[in-house]
Number of protein chains: 2
Amino acid sequence: MKKYIQILKKTQLFSEISEEEITAMLPCLRAELKTYKKGEFILMQGESLDKILVLAEGKLHIQCDDYWGNRSIINMILPGEMFGEAYATPQSGTLTNDVLATEDSAVIFFDVKQILTVCSSACRFHTTVIRNLFFAISEKNRKLVKKIMFISKRTTKEKLIAYLSEEARQHKNNTFSIPFNRQQLADFLSVDRSAMSNELCKMRDEGMIEFEKNRFTLL
Amino acid sequence: MKKYIQILKKTQLFSEISEEEITAMLPCLRAELKTYKKGEFILMQGESLDKILVLAEGKLHIQCDDYWGNRSIINMILPGEMFGEAYATPQSGTLTNDVLATEDSAVIFFDVKQILTVCSSACRFHTTVIRNLFFAISEKNRKLVKKIMFISKRTTKEKLIAYLSEEARQHKNNTFSIPFNRQQLADFLSVDRSAMSNELCKMRDEGMIEFEKNRFTLL
DNA sequence: ACCGGTCGGTTGTATTTACAACAGAAATGA
DNA sequence: TCATTTCTGTTGTAAATACAACCGACCGGT
């Protein structure tokens, strides 16, 4: 666990809290570390959850396979990001999605009750964590809305333009790498991979974009 | 404002807090009431926001019109529901959506800084409000994920089935009313209205569903 | 070097969708 | 009441999509 303190310090959840204070808080928040191999599921649909999770290392997909095997990637989790928070409340019921490790990953579990219950004395920074939790879940919310704005576009081309524009905006650069391969991007945008591949090449031929593997440039 | 205290008591934000205590807290949270006519915008894309809003009366749509005039209804707000919370944090930037009153509406504004800053003495229930805020935003999050699961289906029919099934599940009844007319439902599911209308009638003819106006029955 | 697997691009076809235009029913308002 | 507007369903056509199948490039392991 110790090796991940520095990572936790950089997370939104522990923003403005020092490494020493984080170390002191870990037992109070009942932190546990688990590791997963690429391809393993961290959480599965139908389970219930009373933990908030932070990805310390690796890469995860929040996803959902339907009855016919169509996969939908709801969200991607990168190191330092929090997940599970929306299903860790009393009213939330069981999970509606799977969480899959797409690389070897390390995940830290925190007890949500411990976070929300301001404890006796030790944790002066407890209220800071609660506020950070609110900021983090707000950001998640905005991410989901952004995703809705991508996939609510009617055509594959429009979805691609919306997604790539947003990536460029976030990277503050017209050239950037995306965290998906083609199949994953198609699953994220809810379109057919081959149709999307086709559309990307058309956009390249029209001079709108350039790309090589996961690296894109908007022109 | 007084007439809405009873409504506030029923909201998730003020769960477990009595009417007297809510009344006492209102000045502390800098509550303000504003009313809007049907068709007016409460918030518009590009504005910045440092308030959390609760709908006291009426109906709102969180929506987004693109360059070509295609409307996407991100979410619908019913009385007692909170909104704006995801854009009221320091990091959140300006609004990416419009908020439109689809009926005459009354909205209560709360200062988010006041909510997140535990104040001196008067508000014993401040921490309860913060926790409630977390629960509420968690629920919003789950709602958004559900919506993503609807619109990530590939065909209009599948989207309809996913949406109607979820409505039936929530109403715990195979017969239920939906809060949209046809155009709004199409905007919510990101499909063409006429194509959706067509699909609904096909499903009716196949014996899958029955409907009359906004009232649906799954068979 | 060989093999198997993954990945990205291409093509063709059947299906589905968007879009526009129209008509009847229902609701609205003067 | 009548006129107007809104809502819903219907149709036809052009466009876009899903799906399946195939190919070559690349990569890692043996």
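Chain A is the first sequence line, chain B the second, and so forth, proteins listed ahead of strands; every chain is numbered from 1. Only a predicted model underlies this, so the values are computations on that prediction, with no experimental measurement involved.
- Less than 4.0 Å separates DNA chain C from at least one heavy atom of each of the following residues of residues 190-206 of chain A: A/R193, A/S194, A/S197, A/N198, A/C201.
- Applying the salt bridge (charged side-chain N to carboxylate O under 4.0 Å, His left out) rule to A/K159 yields no partners; only residues at least two apart in sequence or on another chain are considered.
- The two residues B/T102 and B/Q184 make their nearest non-hydrogen contact at CG2-NE2, 4.5 Å.
- Applying the salt bridge (charged side-chain N to carboxylate O under 4.0 Å, His left out) test to A/K9 and every residue at least two apart in sequence or in another chain returns nothing.
- With sequence neighbours excluded, the residues satisfying salt bridge (charged side-chain N to carboxylate O under 4.0 Å, His left out) with A/K143 are A/E81.
- In this structure, A/K157 atom NZ and C/dT17 atom C1' are separated by 18 Å, rounded to whole Å.
- Shortest non-hydrogen contact noted between B/N141 and A/A86 is CB-CB, 3.8 Å.
- With sequence neighbours excluded, the residues forming a ring-ring contact (aromatic ring centres under 6.0 Å, His included) with A/F211 are A/F216, listed by chain and number.
- Scanning for salt bridge (charged side-chain N to carboxylate O under 4.0 Å, His left out) contacts around B/E166 gives B/K146, B/R169, with sequence neighbours left out.
- An angle of 50°, rounded to 10°, separates the two end axes of the helix from C/dA1-D/dT30 to C/dA30-D/dT1, each defined over five pairs.
- Exactly one residue among B/Y4, B/F110, B/F135 makes a ring-ring contact (aromatic ring centres under 6.0 Å, His included) with B/F14. That residue is B/F110.
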Table please: side-chain donor-acceptor pairs of residues 198-207 of chain B below 3.5 Å, with sequence neighbours left out.
residue, atom, partner, partner atom, Å
B/E206, OE1, B/K157, NZ, 3.2

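- A/E212 places its CD atom 12 Å from the P atom of C/dG8, with the value rounded to the nearest Å.
- With sequence neighbours excluded, the residues forming a side-chain hydrogen bond (donor to acceptor under 3.5 Å, both in side chains) with B/S72 are A/S152, listed by chain and number.
- Sorted by first then second residue, the ring-ring contact (aromatic ring centres under 6.0 Å, His included) pairs that include residues 70-89 of chain B, not counting sequence neighbours, number zero.
- The aromatic rings of B/Y163 and B/F150 sit perpendicular to each other, their planes meeting at more than 60°, with 30° as the lower class boundary.
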Counting primed atoms, P, OP1 and OP2 as sugar-phosphate and everything else as base, the B/S/- map of nucleotides 24-30 of chain C against protein heavy atoms under 4.0 Å is --SS---
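- Along DNA chain D, read 5' to 3', the first and last nucleotides having any atom under 4.0 Å from a heavy atom of chain B are D/dC7 to D/dA18.
- In this model, the phosphate group of C/dT17 is approached by a side-chain N or O of B/T156 to a distance below 4.0 Å at OP1 or OP2.
- Checking each of A/D98, A/D65, A/D187 against A/R71 for a salt bridge (Lys or Arg N to Asp or Glu O under 4.0 Å) leaves exactly one that passes, namely A/D65.
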